[in-house]
There are 4 protein chains.
Amino acid sequence: MTKTVTSIEPRKLPRQRRAAATVDAVLEASARILEREGLPGFNTNEIARLAGVSIGSLYQYFPTKEAILAEIVRRKRIRLWEGLSAELPHADSQPLTVTIRRLVEATLDHQADNPGLARALDYAYAALPLQGETEDLNAKIIQGIAGILPDDVIPDRITAARDIVAIVRGMVDGATLAGSWRKQDLAPRICRALEGYLGVCE
Amino acid sequence: MTKTVTSIEPRKLPRQRRAAATVDAVLEASARILEREGLPGFNTNEIARLAGVSIGSLYQYFPTKEAILAEIVRRKRIRLWEGLSAELPHADSQPLTVTIRRLVEATLDHQADNPGLARALDYAYAALPLQGETEDLNAKIIQGIAGILPDDVIPDRITAARDIVAIVRGMVDGATLAGSWRKQDLAPRICRALEGYLGVCE
Amino acid sequence: MTKTVTSIEPRKLPRQRRAAATVDAVLEASARILEREGLPGFNTNEIARLAGVSIGSLYQYFPTKEAILAEIVRRKRIRLWEGLSAELPHADSQPLTVTIRRLVEATLDHQADNPGLARALDYAYAALPLQGETEDLNAKIIQGIAGILPDDVIPDRITAARDIVAIVRGMVDGATLAGSWRKQDLAPRICRALEGYLGVCE
Amino acid sequence: MTKTVTSIEPRKLPRQRRAAATVDAVLEASARILEREGLPGFNTNEIARLAGVSIGSLYQYFPTKEAILAEIVRRKRIRLWEGLSAELPHADSQPLTVTIRRLVEATLDHQADNPGLARALDYAYAALPLQGETEDLNAKIIQGIAGILPDDVIPDRITAARDIVAIVRGMVDGATLAGSWRKQDLAPRICRALEGYLGVCE
DNA sequence: CATGAATGAGCTTTCATTCAT
DNA sequence: GATGAATGAAAGCTCATTCAT
């Protein structure tokens, strides 16, 4: 009758510790499935099964399966932002290339845990009507990167920041797809591309 | 994903013109759906409807829905390879940066028609048990690019070629996601990154 | 992605005879279930099972279970209107009480086949976002009845027509609920109420 | 519908005031939901939420959701009977039409508070394995009405009483469905029908 | 007693695929 | 060959009810 508008926001916050464990289990199982099976294998029954949780419990906390996806993205973004923002304050006191390298390494550290996951999320991401906080985090990341760029050389720093993110994402996804990678191999290659893009190759 | 292995090859070659038209209609409809709705909206009933073809006819030419995807990828790769291979012969007689720019522009021309499609295919691609010809084309593209790289500066030319493809892919996808792009804006940015990566910034 | 707005209209018209049989089977099974189990027992799995049809076939023709309900209502209304409209032309040439009696009898004939069904439909009816044709039929029925009422005595003929329908409906539902009824018993009682309402008791 | 027979009686009498408040809150919330969403929206989780009571508490006092429904019906019947029985003693000392009018007005007063509720209850009513007290009240109401009917004119006073109830119910439901109504408009129309039915139009 | 997390049967609906016409 | 009706496994999700805390 009165069709409730299904949002993508988590349904209710877990008040008891037991509930938080359930939510975590669901998210972890989801991430694993996403990584192993990709988007096509991402279904709530399988998630619940792997999480060792009843399907009903899953839906206590997430109104739709997209909401699970959105929460994974949100949590990932939070952690990525934590990693990046730790580096930004030092940008003033060191050469740009060093800051860049630090940011790339932070990103690779962040991806290293579950490399396949990022690809699936990157793709799913676009399809999601992304909610406030995650969008804010994205903006923050872009702004943060834009902030370290020298405004005398870079005409449009926001576009540049977006390009930087795109380059890193593209290269990490590519490397992941081709097999596995080690930070010490991949990071320098990414940095070369970024430095070239920024015109700071010496 | 883990499914019973069915051939992904097109079921039978369309000998008659009518049949070829059917196949084309299916592929075009599929591409449109993929572009508009992404992988989740990609279903055979809808494809048949949009193609103006009965579902039965669709299955005359494609044994599974993955086969449709594979054929789209195959055709796209063919065209991309056509675009790229036309530039490669001139690589010897011109500076590397010129060749790079030509290749980037050829790629952007190729993507310009249906910008959203590439993202979906890139993602779907990995899930597919890729068949011979398409894999060959991928290899050819990588080899072709590797071939123009100076082997005195680049230690591992195959990896470099892969990175180049990844950078281009990443930046085009990023630009597509952010909105629309114009070749004359995007190409120089991509080239800067590539040149930096290759260490040829002057 | 693009959530198709689910209407209540039948999904596609059956083109082959086989398909029409499927649709009829679904509607018949639905009516039987509605009659026997009421609204709570009205579920698509049970309907398909009783209809001897796969659940998929059911959804080929009806986008939602409400659409089935709507179609049942629509078909019932058509038949009721057929029954009533056959009597209306004679209204001029006979006393009002005779016309009333004829209409009541036509209604009882119409209800006699599946007495329980009407109650469920009457209730479900209100919850349905009723579509054009059925609403039109309702209006026609009200208008038709209003048309036979003497406008010199009845101030608001539309309200009167609605009251008449309500009285008949109420008494038939009541009689059905109390057990079973015979037309020759029930019709005179209904007519007495209607005549009293219209002020034509002699 | 065909279910394992569970008692429908309230689970335990609320001895403390707090408990009575819980029961009342549940019943009020249920009524509101029933009125706004109808039978399909009537679910215990939602009821508990709207009542501001935990689902566990709800099940302390009502063994099943049907029990809630039954209790609502029971309380409504009690109040209706209170309204009606206040009028019955005067039946001897006044004309039948006056008594009828009084009873109709009492009924309308009773319905006025929550007009939509009655329809849902009337329908749900039939599905319920009605328990002793409510059935008694129904009988009392019928008997009470039958008692005021002149046995010289009305052959079967029980049937007549049932018809009267059915007419009133039908007309009130109809008026409610058509929009809202005012007692001073609706009561006379109902009375006309009843008087006609009873053959007391002057 | 109250709470609310958890359960899972069961409902609605989709969609890849087959097969009679 | 083409058609589209039919299929049914499987996915998404709800909700009555229980039970540990």
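Below, each value reflects all heavy atoms present in this structure, side chains not excepted, and no hydrogens, waters or symmetry copies. Numbers restart at 1 for each chain; the letters A, B, ... are given by sequence-line order, proteins then strands.
For C:Asn43 and E:dT12, the shortest distance from a side-chain N or O to OP1 or OP2 is below 4.0 Å. Taking only side-chain nitrogens and oxygens, B:Tyr59 comes nearer than 4.0 Å to OP1 or OP2 of E:dT17. Distances shown here put every side-chain N or O of A:Ser57 at or beyond 4.0 Å from the OP1 or OP2 atom of E:dA5. Residue C:Thr44 has no polar side-chain atom (N or O) positioned under 4.0 Å from OP1 or OP2 of E:dC11. At the phosphate of F:dG1, neither OP1 nor OP2 sits under 4.0 Å from any side-chain N or O atom of B:Tyr61. The side chain of C:Thr22 contributes an N or O atom lying less than 4.0 Å from OP1 or OP2 of F:dA6.
Screening residues 40-64 of chain B for salt bridge (charged side-chain N to carboxylate O under 4.0 Å, His left out) gives B:Glu46-B:Arg49 as the qualifying pairs, with residues at least two apart or on separate chains. Sorted by first then second residue, the salt bridge (charged side-chain N to carboxylate O under 4.0 Å, His left out) pairs that include residues 117-127 of chain C, not counting sequence neighbours, are C:Asp122-C:Arg169.
The CD atom of A:Glu35 lies 9.5 Å from the CG atom of A:Leu121; values are rounded to the nearest 0.5 Å.
Contacts with DNA chain F (heavy atom under 4.0 Å) in residues 45-55 of chain B: B:Ser54, B:Ile55, listed by number.
Shown here are the side chain to side chain contact (heavy atoms under 4.5 Å, CB included) partners of B:Asp24, two or more places apart in sequence or in another chain: B:Arg75. Residues satisfying the side chain to side chain contact (heavy atoms under 4.5 Å, CB included) criterion with D:Ala31, sequence neighbours excluded, are D:Leu117. With sequence neighbours left out, C:Asn45 forms a side chain to side chain contact (heavy atoms under 4.5 Å, CB included) with C:Asn43, C:Ile55. Looking at residues two or more places apart in sequence or on another chain, you find a side chain to side chain donor-acceptor pair (under 3.5 Å) between A:Ser57 and A:Ser54. In this view, A:Lys65 satisfies the side chain to side chain donor-acceptor pair (under 3.5 Å) rule with no residue, not counting sequence neighbours.
Atom-to-atom, NZ of B:Lys65 to C1' of E:dT18 comes out at 17 Å; the value is rounded to the nearest Å. A straight line from CZ of A:Phe62 to P of F:dG12 spans 15 Å, rounded to a whole angstrom. A straight line from CZ of D:Phe42 to P of F:dT14 spans 19 Å, rounded to a whole angstrom.
Residues C:Leu58 and A:Gly56 both approach DNA chain F. Their nearest nucleotides, taken by heavy-atom distance, put C:Leu58 toward the 5′ side.
Where DNA chain F pairs in unbroken runs of 3 or more (Watson-Crick or G-U, both distances under 3.5 Å), the stems are E:2-21 with F:2-21.
A donor-acceptor contact under 3.5 Å links the side chain of C:Gln60 to the base of F:dA6.
Checking side-chain atoms of C:Tyr123 against main-chain N and O of C:Leu39 turns up no donor-acceptor pair under 3.5 Å.
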